[in-house]
Undergrad: 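What follows is a structure written as structure tokens; I'll ask about it next.
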Amino acid sequence: MHDPDPYSTPPYGEPGPWAPAPPVQHPAATAAQGTAVPAPGAAQGPAVPQAPAAPQIPAGPQAPAVSQAPAAPQAPAAAPAQAAPQSPQPSQLPAQAVPAAPGHMAPATSAPADPGAPPSVDASGSALGASSVYAPGELPDSAAAAAPEPAAGPWPRYDPWAASAAGQQPTMHGPLQQTGAAVPTEQQRRKRGRRLLLVWTLLVAVLSSGIGGLVGAYVEREGVGDVHLPQPGKVPAGRAPDSVAGIAARALPSVVTLHVRGADEAGTGTGFVLDARGHILTNNHVVEPAASGGEISVTFSSGATAKGKVVGRDSGYDLAVVQVTGVHGLTPMPLGNSDDVRVGDPVVAIGAPFDLANTVTSGIISAKERPITAGGEKGDGSDVSYVDALQTDAPINPGNSGGPLLDSRARVIGINSAIRSAADGTDSGTGQAGSIGLGFAIPVNQARRVAEELINDGHATHPVIGVTLDMGYTGDGARIDAKARDGGPAVTKGGPGDRAGLRAGDVITEVDGQRVHSGEELIVKIRAHRPGDRLRLTVEHGGTREVSLVLGASDQN
């Protein structure tokens with residue numbers, strides 16, 4: 001028997017010989033995965049609690065090492081542990097921890113889950129569940145352990161921030177252990193983030209400015225995409241918008257005078273600005289002297305001059321596009337709709353007749369769809385232009401060619417191109433013919449399409465029906481020749497006329513119900529359309545029939 005427990009706590013006193021002591025949970029701090037964490041100054045070895053002057057119980061396969069109260073009888077080693085773990089009593093407080101030898105780590109102590117199960121063995125061969133303490137200088141596999149020295153205090157002092165023992169590398173780092181590197185504060189992290197953001201912002205700005213400069217230079221030099229000519233804008237305030245003065249005030253900044261010099265000849269003409277990229281529309285016969293290495297000088301209404309180069313030209317339509325570079329603040333001329341023009345509408349012509357720049361004249365539309373041809377000096381017909389023209393009585397003279405014919409809203413409805421002069425041509429001292437009130441302009445709807453093709457492609461397409469006409473036919477209408485100029489068939493095999501059923505000897509008398517009297521008039525009517533348009537032709541050849549065909553395209557005159 002023994003003295004009664006002063007605390008009245010089961011099992012009411014020290015364990016008797018009939019029951020072994022319950023396992024004691026040591027309050028030593030452990031790292032992740034159950035690895036014992038060393039106390040300050042210890043070399044990574046777990047502290048093993050020891051009871052002062054208590055006899056040691058050999059670690060058996062089924063009995064873990066426990067701390068014993070003073071004067072307690074020893075329990076048999078083979079007795080199974082049946083009692084449940086109890087809260088530690090004052091007399092059962094854990095003993096002081098004893099550090100392991102430097103460089104060694106003792107396995108963590110835990111009670112076996114199954115008393116009958118064999119003990120676990122770690123990699124070194126020691127049995128898990130038994131407290132192993134090694135004396136300095138002894139290896140982990142020594143047969144006996146030296147008596148440990150008790151540590152100061154009842155509990156091991158664990159410092160998670162303490163560095164490893166001198167000369168020792170930490171075997172492993174727990175979740176609260178440090179490697180010795182400085183930890184930045186919140187303010188330092190913010191400063192670092194701001195610096196990184198500033199560096200990235202400057203880098204992106206430099207790259208963007210460089211790329212933007214390159215793109216801007218390319219756009220300034222080459223432009224972007226295809227050119228689409230401007231449409232009419234708002235009428236500015238000032239004089240009456242439909243007066244000649246109001247029209248001239250708005251139009252003159254966009255009109256230019258062209259001085260062309262070639263190897264054999266020189267001349268003067270007019271043009272007008274199409275867009276802010278410096279494209280200028282004029283007549284082909286104006287720039288033709290400089291087509292093979294000549295010079296073109298462009299003079300604006302302000303008096304400024306710039307060099308120009310030919311972008312594209314077409315003799316069949318008598319149109320050409322010239323471009324100037326290095327000129328800023330250009331005012332494009334708005335384009336109107338020539339299909340809406342009616343006979344009697346007032347018009348204004350601007351040009352440089354006889355090199356008198358910025359000359360303004362006015363008149364009316366005298367007629368529409370007037371078929372005219374111009375050129376033909378080469379003899380092979382390659383320089384002949386066919387125009388379904390607007391006729392005007394506004395005075396037009398040599399030097400007006402290529403200038404704009406404007407409606408009452410200062411919109412371009414035609415490009416002044418030809419005049420009918422007196423037969424003798426002696427009304428001026430130089431022998432040049434002057435205006436007798438018969439001027440002709442290319443409709444702007446036709447000129448718009450041709451100008452866009454010249455700018456975008458360098459050449460214009462011509463609508464064709466795929467037949468060779470007999471230009472010497474004197475009868476009424478346009479007759480298809482017996483054979484082509486090269487000796488082949490007059491109707492191109494597989495062409496629009498062939499698919500529509502046209503054949504040699506057919507005489508075409510009408511196009512969409514409008515009468516044609518010659519081959520020139522038929523060409524003019526066809527040129528007034530676009531490739532892909534469908535036409536209805538009236539044909540006579542041993543009878544009258546109607547055929548429908550879709551116009552083809554050709555880049556030859």
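Along the sequence shown, residues are numbered consecutively beginning with 1.
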Undergrad: Passes side chain to side chain donor-acceptor pair (under 3.5 Å), S435 versus N397? Steps please.
TA: CA-CA 6 Å; S435 173; N397 291 282; 4.9 Å; no

Undergrad: If you take all heavy atoms of H529 and P463, which pair is closest and at what distance?
TA: O-CG, 3.2 Å

Undergrad: Is atom CG of D264 surrounded by more than 12 heavy atoms (other residues, nucleotides or ligands) closer than 6.0 Å?
TA: no

Undergrad: Can you confirm whether the side chains of N358 and S301 place a donor and an acceptor under 3.5 Å from each other?
TA: no

Undergrad: Kindly give the heavy-atom pair with the smallest separation between A320 and L454, and that separation in Å.
TA: CA-CD1, 4.2 Å

Undergrad: Quiz question: by atom type and distance under 3.5 Å, do the side chains of N445 and D339 form a donor-acceptor pair?
TA: yes

Undergrad: Going from CD on Q323 to NZ on K309, what distance comes out if it is rounded to the nearest 0.5 angstrom?
TA: 5.5 Å

Undergrad: Is V311 close to V322 at the side-chain level, that is, under 4.5 Å between some pair of heavy atoms?
TA: no

Undergrad: Please tell me whether R485 and T468 have a donor and an acceptor in their side chains that are separated by less than 3.5 angstrom.
TA: no

Undergrad: Run the salt-bridge test on K493 and D498 with the 4.0 Å N-O cut-off and return the result as yes or no.
TA: no

Undergrad: Could you check V516 against V524 for side chain to side chain contact (heavy atoms under 4.5 Å, CB included), going step by step and ending with a plain yes or no?
TA: CA-CA 10 Å; V516 295; V524 168; over 6 Å; no

Undergrad: Could you give the side-chain donor-acceptor pairs of residues 187-199 under 3.5 Å, partners two or more places apart or in another chain?
TA:
from : atom 1 : to   : atom 2 : distance (Å)
Q188 : OE1    : T185 : N      : 3.0
R189 : NH1    : P184 : O      : 2.9
R189 : NH2    : E186 : OE1    : 2.5

Undergrad: Closest approach of I415 and S417, non-hydrogen atoms and distance?
TA: O-OG, 2.9 Å

Undergrad: Give the intermediate values and the outcome of side chain to side chain contact (heavy atoms under 4.5 Å, CB included) for residues H259 and T299.
TA: CA-CA 8 Å; H259 295 92; T299 303; 4.0 Å; yes

Undergrad: Looking at Y317, I'd like to know if the NZ or CZ of R527 sits under 6.0 Å from its six-membered ring centre while staying within 45 degrees of the ring's axis.
TA: yes

Undergrad: Tell me whether S208 contacts the main-chain N or O of V206 through its side chain, where contact means a donor paired with an acceptor under 3.5 Å.
TA: no

Undergrad: Looking at every heavy atom in both G519 and A478, which two are closest together, and how far apart are they?
TA: CA-CB, 3.8 Å

Undergrad: Does N283 use its side chain to pair, donor to acceptor, with the backbone of G402 at less than 3.5 Å?
TA: yes

Undergrad: Can you find a heavy atom in the side chain of V511 that is under 4.5 Å from one in the side chain of L522?
TA: yes

Undergrad: Hey, does the side chain of T492 reach the backbone of G495 with a donor-acceptor pair shorter than 3.5 angstrom?
TA: no

Undergrad: Under the criterion side-chain contact (heavy atoms from CB on, under 4.5 Å), which of D388, D512, I508 is the partner of K525?
TA: D388

Undergrad: Would you indicate whether the side-chain heavy atoms of E453 and T461 approach each other to under 4.5 Å?
TA: yes

Undergrad: Could you tell me whether a side-chain N or O of S518 sits under 3.5 Å from a main-chain N or O of D476, the two making a donor and an acceptor?
TA: no

Undergrad: Is a donor on one side and an acceptor on the other found under 3.5 Å between the side chain of R479 and the backbone of M471?
TA: no

Undergrad: Taking C-beta and beyond as the side chain, do P289 and E295 meet within less than 4.5 Å on heavy atoms?
TA: no

Undergrad: Answer yes or no: is there a side-chain heavy-atom contact under 4.5 Å between D481 and L469?
TA: no

Undergrad: Any donor and acceptor pair, going by atom type alone, linking the side chain of E288 with main-chain N or O of N284 inside 3.5 Å?
TA: no

Undergrad: What pair of heavy atoms forms the shortest contact from P404 to V255, and how long is it?
TA: CG-CG2, 4.0 Å

Undergrad: Walk me through whether F272 and L281 qualify under side chain to side chain contact (heavy atoms under 4.5 Å, CB included).
TA: CA-CA 6 Å; F272 60 91; L281 183 62; 3.7 Å; yes

Undergrad: Could you check whether Q391 and K368, counting side-chain N and O atoms only, form a donor-acceptor pair closer than 3.5 Å?
TA: no

Undergrad: Does R313 reach the main-chain N or O of D318 with its side chain, forming a donor-acceptor pair under 3.5 Å?
TA: no

Undergrad: Starting at CG of D275, measure out to CD1 of I280 and round the result to the nearest 0.5 Å.
TA: 9.5 Å

Undergrad: How close do P443 and A389 get, heavy atom to heavy atom, and via which atoms?
TA: CD-CA, 4.2 Å

Undergrad: Between D533 and V550, is any pair of side-chain heavy atoms under 4.5 Å apart?
TA: no

Undergrad: Near R545 CZ, under 6.0 Å, is it more than 12 heavy atoms from other residues, nucleotides or ligands?
TA: yes

Undergrad: P398 versus F354: any side-chain heavy-atom pair under 4.5 Å?
TA: yes

Undergrad: Between atom CG of L549 and atom CZ of R499, what is the distance when rounded to the nearest 0.5 Å?
TA: 8.5 Å

Undergrad: Count the heavy atoms belonging to other residues, nucleotides or ligands that lie under 6.0 Å from CZ of R515, then report whether that count exceeds 12.
TA: yes

Undergrad: Determine whether L535 and L551 satisfy the following criterion, side chain to side chain contact (heavy atoms under 4.5 Å, CB included), listing intermediate values before the conclusion.
TA: CA-CA 7 Å; L535 298 182; L551 293 175; 3.6 Å; yes

Undergrad: Out of curiosity, E510 CD to T538 OG1, how far, rounded to the nearest 0.5 Å?
TA: 4.0 Å

Undergrad: Show every side chain to side chain donor-acceptor pair (under 3.5 Å) that has at least one partner inside residues 398-408, sequence neighbours left out.
TA: H285-S401, D407-R411

Undergrad: How far does CG of L252 sit from OG1 of T331, to the nearest 0.5 angstrom?
TA: 11.5 Å

Undergrad: Check whether any side-chain heavy atom of F300 lies under 4.5 Å from a side-chain heavy atom of V327, and answer yes or no.
TA: yes

Undergrad: With no hydrogens and no angle check, is any side-chain donor or acceptor of E520 less than 3.5 Å from a backbone partner on T373?
TA: no

Undergrad: Once rounded to the nearest 0.5 Å, what's the spacing between atom CG of D345 and atom CG of L390?
TA: 10.0 Å

Undergrad: In plain terms, say whether E452 and R448 are close enough for a salt bridge, that is, a side-chain N and a carboxylate O under 4.0 Å apart.
TA: no

